[in-house]
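To keep things clear, I will list the structure first and then write my remarks on it.
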Protein chains: 4
Amino acid sequence: MNTKPAARPGRPRDEATHRAILRAANRLLHEAGYGGFSIEGVALRAGVAKTSIYRRWPSKGALLLDLYMEGLAPATLEPSGKKVRQAFAAYLNQTVERLKDAGWSNTLRSLVAEAQNDPALARLVRDKVIEPRREDGRRLLEHGMKTGEIRRNVDIDITLDFVFGAIWYRLLLGHAAVDEAFARRATAELFKRIGSDHAVP
Amino acid sequence: MNTKPAARPGRPRDEATHRAILRAANRLLHEAGYGGFSIEGVALRAGVAKTSIYRRWPSKGALLLDLYMEGLAPATLEPSGKKVRQAFAAYLNQTVERLKDAGWSNTLRSLVAEAQNDPALARLVRDKVIEPRREDGRRLLEHGMKTGEIRRNVDIDITLDFVFGAIWYRLLLGHAAVDEAFARRATAELFKRIGSDHAVP
Amino acid sequence: MNTKPAARPGRPRDEATHRAILRAANRLLHEAGYGGFSIEGVALRAGVAKTSIYRRWPSKGALLLDLYMEGLAPATLEPSGKKVRQAFAAYLNQTVERLKDAGWSNTLRSLVAEAQNDPALARLVRDKVIEPRREDGRRLLEHGMKTGEIRRNVDIDITLDFVFGAIWYRLLLGHAAVDEAFARRATAELFKRIGSDHAVP
Amino acid sequence: MNTKPAARPGRPRDEATHRAILRAANRLLHEAGYGGFSIEGVALRAGVAKTSIYRRWPSKGALLLDLYMEGLAPATLEPSGKKVRQAFAAYLNQTVERLKDAGWSNTLRSLVAEAQNDPALARLVRDKVIEPRREDGRRLLEHGMKTGEIRRNVDIDITLDFVFGAIWYRLLLGHAAVDEAFARRATAELFKRIGSDHAVP
DNA sequence: TGATAATCGAGACGGTACGTCCGGTCTTGAC
DNA sequence: GTCAAGACCGGACGTACCGTCTCGATTATCA
């Protein structure tokens with residue numbers, strides 16, 4: 001059994017180049033934000049030819065999306081034995097922690113900005129960024145309904161719009177910080193609405 | 001008492017030019033979206049010199065903001081005798097109605113995208129777009145608390161983040177439509193627990 | 001008998017404005033040369049409206065020409081009792097002296113540069129700047145022929161092309177200075193064979 | 001032995017693009033003169049991006065200079081066995097012939113006009129246009145002095161100023177044509193002054 | 001071992017738009 | 001009718017990036 005992909009003919013892609021691009025992109029996004037983020041700038045900083053970027057990513061947005069995927073690990077939203085409320089609180093706290101990194105928050109903000117331009121990217125963002133989180137949330141809520149932590153008459157979609165929406169809203173419009181206080185209050189308010197009376201001791 | 005503005009020296013700005021720019025900008029935004037929206041394109045379509053645009057608006061974003069301000073009228077969110085729930089429902093329906101216009105929704109989406117670039121614009125957007133709506137909402141909720149329609153323990157800020165956030169979230173990420181169904185379900189969900197038990201007969 | 005021009009209706013032109021424009025133009029030409037010379041710049045420096053310049057001069061070139069005419073006085077080239085050779089030497093020395101002023105030399109250089117653009121100006125330059133000098137020179141040479149200082153077989157036009165040409169050539173191409181040494185050597189060379197053998201003792 | 005130039009990295013410049021630019025520039029200069037000569041216009045006519053022009057020439061003037069260098073061939077001024085007088089006459093006739101082409105004369109006139117703006121260009125014009133011709137002339141005159149065709153007391157610099165000056169003077173100020181009659185009369189007048197008595201039979 | 005092929009860097013290519021400058025004209029209210 | 005002020009349309013400037021392309025050189029697989 002061979003885990004290696006079928007070796008293509010020709011010179012293989014250089015892993016180092018790949019990493020250099022992602023690192024440079026992250027750095028540029030961190031320092032200059034969406035406005036200062038250009039393929040040309042990334043290539044320059046990475047010491048890489050523009051071609052080497054376009055060979056891997058068809059557009060600026062695709063690179064941004066990969067930047068997101070690369071750094072994804074932390075935030076999880078799963079019914080992992082914990083109480084539903086605790087799982088939500090943990091997710092929000094991880095998110096808050098993650099967004100403290102300017103590179104990361106700029107990546108997300110740029111991704112949305114770029115998607116306003118680029119329908120293909122918009123679809124990818126929905127499929128890779130938005131839906132997986134919603135799916136996690138949906139499963140968690142349904143789990144909570146079974147355990148009795150969540151009331152049965154909750155409108156799951158709208159509830160997910162409320163909680164994820166609040167995060168994006170604060171992130172993109174910037175009228176208030178996405179911080180620990182937000183995580184705490186959002187969780188509290190969420191469960192004030194959706195928690196079963198008897199489930200919250 | 002003089003209502004006329006203190007006549008500035010020099011040739012006054014041409015109102016027709018002003019309107020032509022806004023109209024052309026709207027049209028372009030309607031047809032080509034954020035990606036196809038350029039000062040040059042607006043100037044061309046309006047039959048106006050680029051300088052005439054830059055004289056009025058320092059940046060693309062400032063023009064977008066004015067485009068928003070111009071078309072503002074419809075959506076209101078006031079405790080105008082009606083029940084709080086009805087006021088919210090009316091606001092969401094007006095918003096839904098408004099966003100059916102591609103020009104208008106592109107204006108809002110572009111405004112947010114552009115603001116990711118431009119901190120000065122971001123501040124203006126918060127002051128002119130975000131905060132006024134939040135303030136309306138805040139007043140309405142407080143009014144509802146007095147009348148007993150809204151429970152006293154509601155976290156107003158977070159609640160506003162939930163409901164406005166959901167709108168922006170759907171608008172910008174596009175995973176679901178901002179339509180009548182959304183308005184209905186969001187209102188319902190909002191009042192499921194936010195409303196005092198005895199206030200909704 | 002009235003020397004005053006027939007009084008036109010309306011507010012008379014302001015002499016001070018006129019002078020302010022010329023002074024500012026000269027200053028700008030002195031400091032920034034042809035490249036930095038713009039009607040807009042002159043208006044700004046003179047504290048005058050652009051209109052007030054265009055009312056008086058139809059184009060940049062016309063203003064430059066007037067700048068030349070204003071400062072004309074010094075250089076004369078007349079058979080004023082002196083020997084022809086002395087008259088020429090005096091003319092060249094006056095010219096050299098005049099051109100030491102950067103404003104003046106820039107005026108002349110700009111006038112020629114501008115005339116390459118503007119046939120109407122080119123004609124004016126010929127009529128007001130070139131021909132009068134040539135006419136003076138022609139009269140002087142003819143006078144010299146009568147007195148025997150200048151040989152009869154001299155081609156006057158070509159001779160004038162040689163001597164005035166040399167000045168413009170040095171002024172515009174800048175390969176060598178238009179200075180006292182030039183004046184001396186040019187006069188000497190001019191009279192080496194142009195002068196009758198017996199006329200120069 | 002390798003005559004190939006050390007191949008620079010990257011895609012080599014396209015010779016066709018280069019030629020298209022020069023051809024378009026020449027055409028534009030021919031048709032519209034200095035006033036109508038713009039980088040933008042050249043790019044449009046050549047079907048070339050503006051950047052492709054700026055990549056090669058840092059300024060309008062640099063392009064004009066290359067236009068001059070490209071079309072240089074014809075005029076020679078060398079002591080090629082001929083008599084000095086004949087060499088001068090030939091040079092002037094070649095120059096006259098060359099200047100009949102509006103493209104060529106506009107190139108020279110524009111070059112001088114532009115150089116009034118641009119000290120760097122002025123220096124290049126002196127080095128590439130003015131001095132080589134003067135150097136040819138200087139060698140020719142010195143050669144003539146050795147053969148006895150030119151008198152020993154001639155001031156070479158001033159003589160060159162006279163004859164080249166006359167050409168530029170007529171070209172730039174336009175008070176008289178640079179034509180065959182001019183060539184003939186200028187040669188005659190020149191040798192009336194500088195020719196040794198015994199050398200002109 | 002040598003042909004084939006995809007990679008690498010570098011950088012040229014045609015484009016689009018940027019934001020600015022200046023040209024020359026027009027339009028105010030005040031004088 | 002002039003004045004200062006300043007708006008108007010238009011053309012060009014020089015720059016930044018876009019995404020594509022063409023080079024010579026390098027590094028792999030496959031015959």
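The sequence lines fix the lettering, A, B, ..., with proteins before strands; numbering per chain opens at 1.
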Inset, instruction - Only one of L111(D), I21(D), L108(D), T107(D) passes side-chain contact (heavy atoms from CB on, under 4.5 Å) with L67(D); say which it is. - result: T107(D)
Inset, instruction - Go through residues 20-38 of chain C and report each residue with a non-hydrogen atom lying under 4.0 Å from DNA chain E, sorted by number. - result: S38(C)
Legend entry - Sorted by number, the residues of residues 52-62 of chain B with heavy-atom contact under 4.0 Å to DNA chain E: Y54(B), K60(B)
Inset, instruction - Can you sort out the partners of R45(A) under side-chain hydrogen bond (donor to acceptor under 3.5 Å, both in side chains), two or more places apart, ordered by chain and number? - result: E31(A)
Inset, instruction - Name all residues meeting the side-chain hydrogen bond (donor to acceptor under 3.5 Å, both in side chains) criterion together with K60(D); count only those two or more places apart in sequence or in a different chain, and write none if there are none. - result: none
To the nearest Å, give me how far apart [atom1] ([X]) and [atom2] ([N]) are.
X: D14(C); N: dA5(F); atom1: CG; atom2: P; value: 13 Å
X: R13(D); N: dC21(F); atom1: CZ; atom2: C1'; value: 16 Å
X: R45(B); N: dC9(F); atom1: CZ; atom2: C1'; value: 19 Å
X: E40(B); N: dG15(E); atom1: CD; atom2: P; value: 16 Å
X: H18(A); N: dT7(E); atom1: NE2; atom2: P; value: 13 Å
X: L63(A); N: dC18(F); atom1: CG; atom2: C1'; value: 15 Å
X: E114(A); N: dC17(F); atom1: CD; atom2: C1'; value: 12 Å
X: D118(B); N: dG19(E); atom1: CG; atom2: C1'; value: 14 Å

Legend entry - For D127(C), side chain to side chain contact (heavy atoms under 4.5 Å, CB included) partners two or more places apart: R123(C)
Rounded to the nearest 0.5 Å, what separation is found between the [atom1] atom of [X] and the [atom2] atom of [Y]?
X: S105(D); Y: L29(D); atom1: OG; atom2: CG; result: 8.5 Å
X: Q116(C); Y: L172(D); atom1: CD; atom2: CG; result: 5.0 Å
X: S59(C); Y: I39(C); atom1: OG; atom2: CD1; result: 7.5 Å

Inset, instruction - Verify whether one side chain among H18(C) and R56(C) offers a donor that lies under 3.5 Å from an acceptor in the other. - result: yes
Legend entry - Between R23(C) and N26(C), a side-chain donor and acceptor under 3.5 Å: no
Legend entry - Residue whose closest nucleotide on DNA chain F lies nearer the 5' end, I39(A) versus A46(C): A46(C)
Inset, instruction - Would you kindly compare E15(D) and G41(C) by the position of their nearest DNA chain E nucleotide and give the one closer to the 5′ end? - result: E15(D)
Legend entry - Base versus backbone protein contacts along nucleotides 26-31 of chain E [heavy-atom cut-off under 4.0 Å; B, S, -]: BBB--B
Inset, instruction - Show your working on side chain to side chain contact (heavy atoms under 4.5 Å, CB included) between Y34(B) and E114(B) and close with a plain yes or no. - result: CA-CA 9 Å; Y34(B) 177 48; E114(B) 198 66 18; 2.6 Å; yes
Legend entry - L22(D) side chain reached by L63(D) side chain, heavy atoms, under 4.5 Å: yes
